[in-house]
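Have a look at the structure below, then the notes.
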Amino acid sequence: MEQIVRGKFGCGILFVMKSCQQLSTPMPFSVKRYGLLIPLKHGVIFSHREISHSVLRSILKPRPILVSVNPAVQHIIPSRGYAMVVARILRGALKIRYLLLGGAVGGGMTLQKTYEQWKDSLPDMKWLDEYLPDSEQWNSFRGSLLEMKDKVKDNIEIDQPQDVKMGAIAFSKSEKVGDERKRMETLQQRIDQLQNELIQMQIKYQKEMERLEKENRELRKQLLLRGSNKIASKKVKKSLIDMYSDVLDELSEYDSSYNTQDHLPRVVVVGDQSSGKTSVLEMIAQARIFPRGAGEMMTRAPVKVTLSEGPYHIAQFRDSAREFDLTKESDLAELRREVEIRMKNSVRDGKTVSNDVISMSVKGPGLQRMVLVDLPGIISTVTSDMASDTREAIKQMSQLYMSNPNAIILCIQDGSVDAERSNVTDLVAQMDLQGKRTIFVLTKVDMAEENLTNPDRIKKILSGQLFPMKALGYFAVVTGRGKKDDSIQSIKDYEEQFFSNSRLFKDGMIMSSQVTTRNLSLAVSECFWKMVRETVEQQADAFKATRFNLETEWKNNFPRLRELDRDELFEKARGEILDEIINLSQVSPKEWEELLMKKIWDKVSMHVFENIYLPAAQTGNPGTFNTAVDIKLKQWAEQQLPQKSVESGWEGLQTEFQRFMERAKKRPEHDDIFDLLKTAVVDEAMRRHSWENKASEMLRVIQLNTLEDRSVNDKQHWDSAVKFLENSVKEKLQATEVILREMLGPSTKERWLYWQYQTEDQAKRSQVRNELEKILYSDYKHPPSLSYDELTTVRKNLQRSSVEVDNEYIRETWHPIYRRHFLKQSLARAYDCRKGYYLYHQGLETEVRVDCADVVLFWRIQQMLKVTANALRQQVMNREARRLDKEIKEVLEDYSQDMEKKTKLLTGRRVVLAEELKRVRQIQEKLEEFIQALNHEK
């Protein structure tokens with residue numbers, strides 16, 4: 001502008017100011033670096049008082065209006081009458097305004113041209129950002145032009161003699177109104193033209209920056225690809241943002257409730273439901289990665305998205321190795337479906353939202369490095385398909401994340417709805433009163449401009465004058481046109497086109513630095529890393545103090561134990577359980593057979609007595625007894641016995657294994673912290689274990705052949721059978737006595753000596769017993785059931801004693817009494833048969849009236865038990881022990897992957913303390929590694 005003024009008027013310009021402030025010395029204009037005001041190095045400003053005499057005289061003498069310092073360039077206006085003087089004065093004044101405006105515009109264009117030359121010659125973008133004006137400075141320059149126009153219009157005044165003014169007024173009175181109107185219209189058109197040129201200049205600058213950034217991304221992509229092709233053996237170094245994301249993941253696992261001790265920065269995205277939160281995140285990530293629903297709640301859990309730069313545009317979940325190619329629509333659809341599935345799986349117990357964090361990373365060329373957490377949208381009404389506490393749960397979750405004093409709050413407000421309907425702004429205002437960590441984003445500005453009748457309302461929102469909350473910055477974005485199939489690039493083009501044509505932008509209501517998601521992303525990233533650098537070392541110190549406290553507690557409470565977390569304790573317990581399985585092979589065959597025989601007899605003894613021995617013994621004839629026994633034994637062996645034997649073998653294997661486990665508990669080195677886990681593993685393995693199907697078929701054949709043999713070959717076998725019979729009968733007799741004791745109450749001796757008393761029912765049953773024993777005494781071989789006459793007799797006898805009972809009551813008392821009577825008879829016969837082997841061997845049993853058929857029955861059963869136990873022992877030692885070992889290993893493997901099981905079965909302060917200590921150490925180490933890398937990047 002200085003050259004323009006010099007070329008036209010010389011080296012100086014005289015400005016006449018309305019202000020009466022006196023300046024001691026002439027003051028040249030001083031301007032900022034980028035030319036917000038164009039410098040006039042030789043221009044001088046005089047006050048009205050300084051020129052009141054000399055200048056006024058010069059004007060009265062008809063002198064030049066613009067006085068040049070150069071004497072060679074002087075033009076004297078001839079005196080042609082008052083009318084010509086007035087016309088020239090007006091023309092000169094208008095020319096000054098136009099020349100000043102033109103000079104300002106020309107200076108700006110010259111500066112822009114110089115900037116273009118510099119930009120073409122500079123290879124590094126960072127150097128351009130340092131030395132060239134950004135969009136904010138261009139906006140300041142634009143405002144300065146408007147201010148200069150107002151100053152020139154208001155401050156320049158041409159003094160003239162009173163008589164000249166009167167003549168001019170008389171001459172131009174008829175033309176003044178029309179000329180003024182035309183002048184104002186011309187100035188307004190010029191201002192509009194300048195504003196349009198300035199907007200186009202900024203758009204051109206923005207496009208040039210994007211082009212250079214794109215070239216920069218391509219170069220960085222090539223560098224990253226070249227680096228990834230280096231030697232594979234070299235350790236891959238994580239990027240800075242990935243290291244920071246790992247720290248946050250460790251914290252989320254260490255404290256799923258998001259404890260206040262975690263004050264590491266992250267960008268928390270909050271907003272009302274359907275306000276455009278997810279769309280803003282997608283524009284920042286440059287990919288449509290989240291599911292969508294028309295008016296339906298889609299974000300049901302916090303989603304942590306880690307953005308970082310990489311050669312390819314990919315996304316990956318933290319707990320998965322699969323990479324989704326974000327340039328392919330098929331991969332994008334699968335990614336959105338996976339996010340939706342994970343959200344639904346995280347919601348449990350009838351809830352609508354969950355606190356479980358879904359962690360994913362997105363890499364791509366040119367992405368700003370930051371960590372964002374997308375939270376469920378705040379709702380006003382709970383619908384019928386939601387849990388009743390959904391609104392409060394979302395509010396508490398948002399408050400929990402925003403309560404972190406180092407969290408950056410990205411407050412999303414829907415611009416298409418009334419501001420009075422906003423819920424999120426009040427919530428954010430409560431959590432960040434001063435607005436020192438809040439960035440406000442107004443979405444759907446295109447719809448807002450179309451629907452609002454008062455555009456100033458948007459200006460108030462973006463200047464922080466409408467909502468009660470305060471913020472670091474205010475941004476306006478357009479994140480779509482309401483179409484699901486729009487690509488990110490088409491949305492960016494639509495956003496750029498909208499703001500370039502928007503009247504909000506043209507009228508100066510919105511600054512260029514406040515619009516587009518690109519500027520928003522840059523601002524959020526800059527704020528995020530500033531917060532990280534300021535606070536991360538404090539957090540590292542806090543975890544260092546926590547680690548010291550935990551280590552001190554461990555040394556005081558568990559001084560001689562290693563710090564083993566749940567995983568390490570589980571592996572130790574796994575080894576001990578597998579060692580006990582190996583010990584099963586050390587059990588001798590004899591021990592196995594004795595154990596299995598006992599288990600089988602315990603399983604089948606009730607059936608033998610109730611269904612075989614007792615019914616056959618009631619016949620009273622040895623021939624009939626043997627026939628009934630043969631029939632019942634064959635039926636039993638073909639139907640129930642094989643399966644019962646297999647069950648007995650399974651129980652024997654379990655008993656022996658548990659015996660080893662109990663023996664291990666008594667060792668000095670035993671650690672009782674494993675007891676719950678070991679018991680649960682063994683029980684689960686036994687529940688899954690099943691004997692081989694062909695075992696039953698094999699046992700059926702063996703048992704049938706054994707039970708058919710009725711010949712006792714030697715005296716040793718006979719004595720063994722008699723002893724087996726006696727022991728079995730004594731066990732049953734003892735069990736029957738216990739039943740009668742409960743039924744009849746204390747005996748007469750106990751009542752007299754120990755002051756014990758019968759209940760009313762026990763006394764009644766005692767009287768029934770007395771009547772029934774009379775029947776047994778009168779008929780020693782009484783059948784197992786009572787006749788109707790006997791029942792009537794017993795009832796009548798009791799009525800004489802004032803005891804009223806029915807027939808069913810008498811039968812209930814009769815069964816245990818008769819069983820005791822029968823077992824005593826059987827035991828007496830067994831005693832008689834101790835020396836009856838010779839009679840049996842010679843066939844003289846009937847002649848001497850000694851009935852030993854029941855001894856033969858129990859010898860057959862005993863032989864069957866021995867053969868079955870031997871077969872089961874072979875199966876256990878050869879196959880079932882190995883199968884059990886395999887099943888226990890499977891159970892251990894399943895439990896090792898189930899953290900809930902391990903938490904339930906490995907409990908106690910020792911485990912919790914070791915877990916916390918391990919986590920805190922890992923977090924501290926990762927924080928220190930991150931701080932070191934951060935300082936290295938500086």
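We use all heavy atoms of the structure for the numbers below, so side chains are in, but hydrogens, waters and symmetry mates are not.
Taking a cutoff of 4.0 Å between a charged side-chain nitrogen and a carboxylate oxygen, Lys902 and Glu915 do not qualify as a salt bridge. Ion pairing between Arg910 and Asp671 holds under the 4.0 Å rule for side-chain N and carboxylate O. Between Arg336 and Glu329 there is a salt bridge, since a side-chain N of the basic residue sits under 4.0 Å from a carboxylate O of the acidic one. Taking the charged nitrogens against the carboxylate oxygens, Asp565 and Arg919 have no contact shorter than 4.0 Å, which rules out a salt bridge.
Minimum heavy-atom separation, Gly480 to Tyr494: O-CE2, 4.1 Å. Pairing each heavy atom of Asn519 with each of Val515, the nearest pair is ND2-O, 2.8 Å. Closest approach of Ala573 to Leu677, counting heavy atoms only: CB-CD2, 3.5 Å. Here the shortest heavy-atom pairing between Leu375 and Pro302 reads CD2-CB, 3.9 Å. Across all non-hydrogen atoms, the minimal contact from Met360 to Ala315 is CE-CB, 4.3 Å. Across Ala301 and Pro376, no two heavy atoms sit closer than the pair N-CG, 4.1 Å.
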**Request:** Go through Lys395 and Ile378 one step at a time and tell me if the side-chain contact (heavy atoms from CB on, under 4.5 Å) criterion holds.
**Result:** CA-CA 7 Å; Lys395 181 179 179 182; Ile378 298 172; 5.9 Å; no
Legend entry - Working for side-chain contact (heavy atoms from CB on, under 4.5 Å), residues Asn935 and Ile931: CA-CA 6 Å; Asn935 294 332; Ile931 292 172; 3.5 Å; yes
*asked:* Applying side-chain hydrogen bond (donor to acceptor under 3.5 Å, both in side chains) to Asp493 and Gln489, what does each step give before you reach the verdict?
replied: CA-CA 6 Å; Asp493 295 341; Gln489 186 59 45; 3.0 Å; yes
Between Lys901 and Asp894, is a salt bridge (charged side-chain N to carboxylate O under 4.0 Å, His left out) present by the stated rule, with each step listed?
-> CA-CA 9 Å; Lys901 284 282 187 184; Asp894 293 342; over 6 Å; no
key: Val536/Leu927 under side-chain contact (heavy atoms from CB on, under 4.5 Å): CA gap, chis, key distance, verdict   = CA-CA 8 Å; Val536 68; Leu927 272 174; 3.8 Å; yes
Check the pair Arg574, Glu571 against salt bridge (charged side-chain N to carboxylate O under 4.0 Å, His left out), reporting the backbone distance first and the verdict last.
CA-CA 5 Å; Arg574 185 206 295 261; Glu571 292 303 319; 3.1 Å; yes
* Give the C-alpha distance, both sets of side-chain angles, the deciding distance and a yes or no for side-chain contact (heavy atoms from CB on, under 4.5 Å) between Arg288 and Ile488. => CA-CA 7 Å; Arg288 310 296 292 270; Ile488 294 295; 3.5 Å; yes
*asked:* Could you go through Glu551 and Lys555, starting from their C-alpha distance and side-chain angles, then the distance that decides it, and tell me whether this counts as salt bridge (charged side-chain N to carboxylate O under 4.0 Å, His left out)?
replied: CA-CA 6 Å; Glu551 288 176 344; Lys555 291 177 182 178; 5.4 Å; no
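At distances below 3.5 Å, at least one donor-acceptor pair connects side-chain atoms of Asp331 with backbone N or O atoms of Asp325. At least one donor-acceptor pair under 3.5 Å links the side chain of Thr352 to the backbone N or O of Ala387. Formation of a donor-acceptor pair under 3.5 Å by the Asp432 side chain with backbone atoms of Lys436 is found in this model. Between the side chain of Gln413 and the backbone N or O of Thr425 there is no donor-acceptor pair closer than 3.5 Å. Checking side-chain atoms of Ser346 against main-chain N and O of Met343 turns up a donor-acceptor pair under 3.5 Å. Although no hydrogens or angles enter the test, the distance criterion places no donor-acceptor pair under 3.5 Å between the side chain of Glu309 and the main chain of Leu367. Distance alone, capped at 3.5 Å, places no donor-acceptor pair between the Thr907 side chain and the Thr903 backbone. The main-chain N or O of Ser487 is found under 3.5 Å from a side-chain atom of Ser490 such that the two form a donor-acceptor pair. Within the 3.5 Å criterion, the main-chain N or O of Arg369 finds a donor-acceptor partner in the side chain of Trp529. Ser521 places no side-chain N or O within donor-acceptor distance of the main-chain N or O of Thr517, the cut-off being under 3.5 Å.
Side-chain contact of Ser245 with Lys304: a donor-acceptor pair under 3.5 Å is present, judged by distance alone. Side-chain atoms of Gln924 and Glu928 form a donor-acceptor pair, as typed in the model, at a separation below 3.5 Å.
Within the 4.5 Å cutoff, the side chain of Asp426 has no heavy atoms near those of the Val428 side chain. Using a 4.5 Å heavy-atom cutoff, the side chains of Ser279 and Thr443 are not in contact. Using a 4.5 Å heavy-atom threshold, the side chains of Val347 and Val353 count as separate. Within the 4.5 Å cutoff, side-chain heavy atoms of Leu520 are placed close to those of Leu410. Side chains of Thr306 and Asp242 form a contact here, defined as non-hydrogen atoms less than 4.5 Å apart. For the pair Val911/Leu569, a side-chain contact is recorded, criterion being any heavy-atom separation below 4.5 Å from C-beta on. Counting heavy atoms from C-beta outward, Leu934 and Arg533 have side chains that approach closer than 4.5 Å. A heavy-atom distance below 4.5 Å is found between the side chains of Arg437 and Met531.
Rounded to the nearest 0.5 angstrom, Thr390 OG1 and Arg300 CZ are separated by 8.5 Å. Summarising the geometry, atom CD belonging to Glu495 is positioned 11.5 Å from atom CZ belonging to Arg518; distances are rounded to the nearest 0.5 Å. Atom CG of Leu442 and atom CD1 of Ile412 lie 9.5 Å apart (nearest 0.5 Å). Here CD1 of Ile394 is found 9.5 Å from OG1 of Thr299. Values are rounded to the nearest 0.5 Å. Considering CG of Leu550 and CD of Glu563, their distance stands at 9.5 Å, rounded to 0.5 Å. For the atom pair SG of Cys527 and CG of Leu472, the computed distance is 5.5 Å after rounding to the nearest 0.5 Å.
For Glu323, the side chain to side chain contact (heavy atoms under 4.5 Å, CB included) test picks out Ile314, Gln316, with sequence neighbours left out. Remark: Phe440 engages Phe467, Tyr474 in a ring-ring contact (aromatic ring centres under 6.0 Å, His included) (not counting sequence neighbours). Every residue was checked against the side chain to side chain donor-acceptor pair (under 3.5 Å) condition with Asp272, not counting sequence neighbours, and none meets it.
Open room surrounds CD on Gln932; 12 or fewer heavy atoms of other groups in view lie less than 6.0 Å from it. Remark: Glu526 CD is loosely packed, at most 12 non-hydrogen atoms of other residues, nucleotides or ligands lying under 6.0 Å away. No more than 12 heavy-atom neighbours from other residues, nucleotides or ligands sit within 6.0 angstrom of CZ on Phe548. At most 12 non-hydrogen atoms from other residues, nucleotides or ligands lie less than 6.0 angstrom from CZ of Arg562.
Aromatic ring orientation, Phe930 versus Tyr244: tilted (interplanar angle from 30° to 60°).
Judged by the 6.0 Å and 45° rule, Arg342 forms a cation-pi pair with Phe317.
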